2 protein chains.
Amino acid sequence: MNDLSLTRASLRNHLFAKMRPDDWSLIAPLLEPITLKERQVVEVPGKPITHVYFIETGVVSVVAVNADDHRIEVGVIGKEGMTGVPLVMGDNKAQHSAYMQIAGNGFRMAATPFVEALAKSVSLTAVMLKSAQAFMIQTAHTALANGRAKLEERLARWLLMAHDRMDTDAVPLTHEFLAVMLGVRRAGVTVALHSFEQRGFIAMRRGQLTLINRSGIEQVAGSFYGMPEAELKRLMAEVV
Amino acid sequence: MNDLSLTRASLRNHLFAKMRPDDWSLIAPLLEPITLKERQVVEVPGKPITHVYFIETGVVSVVAVNADDHRIEVGVIGKEGMTGVPLVMGDNKAQHSAYMQIAGNGFRMAATPFVEALAKSVSLTAVMLKSAQAFMIQTAHTALANGRAKLEERLARWLLMAHDRMDTDAVPLTHEFLAVMLGVRRAGVTVALHSFEQRGFIAMRRGQLTLINRSGIEQVAGSFYGMPEAELKRLMAEVV
DNA sequence: CCCACGAGGTACGATTTCGTACGAAAAAAA
DNA sequence: TTTTTTTCGTACGAAATCGTACCTCGTGGG
C-alpha cells in the first residue's frame with residue numbers, strides 16, 4: 001500500500017472515509033488488500049479473531065451458532081463496516097461464524113496491530129465504537145424480526161439489507177442459503193420468492209435473483225426494515 | 001454516598017467489583033442510590049439517555065420496538081450489568097425501551113459525568129466495554145432463540161436468565177408480561193407454564209411463579225441457554 | 001453430447017403458534 | 001362484604017411453518 005493518502009478517496013468502505021487523516025495513516029500501512037470469495041470464512045466461533053476485515057464490496061454474514069448447531073444470521077456487514085467487533089470491545093474471541101455470503105473484496109488488518117492502533121487513538125476508537133453500535137442495533141432488530149415477522153417480511157428485509165451493500169441488483173444466492181440465514185426451510189423461501197416474482201418485485205434465475213422493484217420489497221418488509229439503516233446513517237454522520 | 005470504599009464490598013453489582021480502586025473513586029461520588037419499582041422506565045426509545053443504572057437487585061427488560069409497535073425483548077440486565085450501553089459506544093440515544101421487569105434497587109449516575117469518567121479512564125472504559133460486549137452476545141442469542149426455538153424453550157430460557165439475576169426463586173410476573181417479552185400470546189405462555197408445572201419444574205400462583213426444579217427448566221431450554229452466560233463469566237474474569 | 005448433480009418447484013400431513021374469545025377465579029377496591 | 005378488575009384456564013378454527021419427499025430442470029464436467 002503506497003501513497004495511501006491518494007487512494008483513500010477511491011475506497012468504498014465508509015469507515016475509511018470517516019477516519020481522521022492521522023488515524024488513517026495509522027491504519028493504512030497495515031491494510032492488506034484481499035479478495036473475498038463466496039463462502040470464505042473470516043471468523044470461526046470460539047476461535048481468536050486473527051484479522052479485521054474492512055469490506056469494500058460483497059456481504060458478510062454473521063451467524064450465531066449454539067451447542068446444538070442451531071444457527072441463524074444475526075447481522076450482515078458490507079461496505080458500511082467491518083468484521084471483528086469483539087476486538088473493539090476488548091475481546092479477541094469470535095462469538096459467531098462469519099463468512100462471505102456475497103463475494104467481494106476489501107482490506108484486512110491483523111488483530112494485534114488493530115488493537116494497538118485503537119489504544120493509540122481515541123478518535124479512531126470512537127469511529128469503531130460507532131460502527132459496533134450500528135451493528136448492535138442491527139442485531140437487535142434481527143431479534144425483533146425473528147420473533148415477530150413472517151417469513152416474507154424477514155426475507156424482504158434480508159434482500160433489502162443485502163441490496164444496500166451491493167452495487168448491482170443481482171443477488172447471487174441460492175434459496176438454500178437464504179433459508180440457512182433466516183433459519184427457515186428452503187422450500188419456504190422458494191414459495192416466498194415466487195410470490196415476490198409474481199408481484200413483479202424480483203426476477204429469478206438458477207442461483208440468482210434480481211431486484212426489479214425495490215419499493216415493492218420495502219413494502220413487504222414494512223417496519224421491519226429501516227430503523228437500523230437510519231441509525232447507521234445517524235451514527236456515521238456524527239463522526240467528524 | 002459517604003465512605004464509599006467501605007461500602008463497595010457490600011454492593012452486589014458485578015461491575016463495581018471489577019473496577020479498579022481509582023476508577024471506583026471516580027464513579028462512586030456520583031452514584032445515586034435508587035429504588036427501582038416494577039415497570040419503572042429507565043430508557044425511552046429515541047430519547048437521550050439521561051442516566052446509566054447499575055442494578056443491584058431486580059431485572060431490567062430491554063425491549064426493541066419498531067415503527068409499527070411490534071416489540072420484543074432483546075435482553076435483560078441485572079446485577080451483572082448496567083443500562084445505557086449506547087453511552088459506552090459514544091452514542092447518547094436510547095435505541096430500546098428499558099424498564100424494570102422485576103423491581104429492585106441500584107444506583108444511577110447522570111449520563112454526562114458517566115461519559116466524562118469514561119473519557120478519563122481507559123481501564124474504566126475497558127470494564128464497560130466488556131459489559132457491553134456481554135450484552136451484545138446476549139442479544140445475538142436472543143435473535144437465535146427467537147428464530148429457532150419453540151415457545152417452551154424460549155420461556156425456559158427467559159426464566160433461567162431472570163433467575164440468574166434474582167435472589168429468590170419466586171418470579172413475580174404475570175403470564176401477560178412474559179408473553180410481551182417473548183412476543184407470543186399470553187395464552188401460549190399459560191399453556192407452557194402449565195406444562196412446566198405438571199412436570200414439577202415450577203409452582204404457580206396468580207401473578208407469580210416459583211422455580212422448583214431449575215435443572216428441569218435447563219433441560220427444556222437446552223442449548224438455547226448457557227452460552228451468553230458462560231461468555232459473561234469469561235469476559236468478567238478477564239478484567240483484572 | 002450426455003450425464004450427474006445441484007437447484008428449484010411442489011405437495012402433504014403434522015406441528016406450532018396465532019387471534020380471539022369467554023368464563024372462572026383470585027385479588028383489589030369500594 | 002360486595003363489586004370491580006385483573007389474571008388465568010381453556011377452547012376453536014385459522015394461519016404459518018415445518019419436515020420430508022419426490023420430481024424436474026438447468027448447468028457444468030466428463
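All of these numbers come straight from a predicted model, not from anything done at the bench. To find a chain, count down the sequence lines: A is the first, B the second, and so on, and within it residues start at 1.
- A salt bridge does not link Glu153(B) with Arg148(B): every distance from a Lys NZ or Arg NE/NH1/NH2 to an Asp or Glu carboxylate oxygen is 4.0 Å or more.
- Using a 4.5 Å cut-off on side-chain heavy atoms (C-beta onward), Glu231(A) and Lys93(B) make contact.
- Between Phe196(A) and Phe201(A), the angle of the ring planes lies from 30° to 60°, which puts this pair in the tilted group.
- The CE atom of Met204(A) sits 14 Å away from the P atom of dT27(D) (whole-angstrom rounding).
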*Spell out protein contact along nucleotides 13-22 of chain C as letters: B when the base is contacted, S when just the sugar-phosphate is, - when no protein heavy atom is under 4.0 Å; keep the 5' to 3' order.*
---SSBBBB-

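- Using a cut-off of 4.0 Å between Lys/Arg side-chain N and Asp/Glu carboxylate O, Arg108(A) and Glu32(A) are scored as salt-bridged.
- Note on ring orientation: taking the six-membered ring where Trp is involved, the planes of Phe54(A) and Phe16(A) are tilted (angle from 30° to 60°).
- Distance, His175(A) NE2 to dG9(C) C1': 10 Å, rounded to whole Å.
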Atom pairs under 3.5 Å: protein N/O with N/O of nucleotides 23-30 of chain C:
{"from": "dA26(C)", "atom 1": "N3", "to": "Arg206(B)", "atom 2": "NH2", "distance (Å)": "3.2"}

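- The distance from atom CG of Leu182(A) to atom C1' of dC18(D) is 15 Å, rounded to the nearest whole Å.
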*Take Val42(A) and His51(A) through the side chain to side chain contact (heavy atoms under 4.5 Å, CB included) test and state the conclusion after the steps.*
CA-CA 8 Å; Val42(A) 300; His51(A) 297 80; over 6 Å; no

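- For the pair Asn92(B)/Ile49(B), no side-chain contact is recorded, criterion being any heavy-atom separation below 4.5 Å from C-beta on.
- The separation between Leu178(A) atom CG and dG9(C) atom C1' is 16 Å, rounded to whole Å.
- The pair Arg214(B)-Glu218(B) counts as a salt bridge, with a side-chain nitrogen and a carboxylate oxygen less than 4.0 angstrom apart.
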*Stepwise, does the side chain to side chain contact (heavy atoms under 4.5 Å, CB included) test hold for Ile102(A) with Val60(A)?*
CA-CA 7 Å; Ile102(A) 293 174; Val60(A) 180; over 6 Å; no

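- The distance between atom NE2 of His194(A) and atom C1' of dA11(C), rounded to the nearest whole Å, is 14 Å.
- No more than 12 heavy atoms of other residues, nucleotides or ligands lie within 6.0 Å of CD in Gln219(A), so this atom counts as exposed by the packing criterion.
- Two end axes, each from the C1' atoms of five base pairs, can be drawn for the helix from dC1(C)-dG30(D) to dA30(C)-dT1(D); they diverge by 40°, to 10 degrees.
- Remark: P of dA16(D) and CG of Asn146(A) are 18 Å apart, rounded to the nearest angstrom.
- Atom CD in Glu176(A) sits roughly 18 Å away from atom P in dC5(C) (whole-Å rounding).
- With respect to Arg154(A) and Glu73(A), no salt bridge is recorded, no charged nitrogen being found less than 4.0 Å from a carboxylate O.
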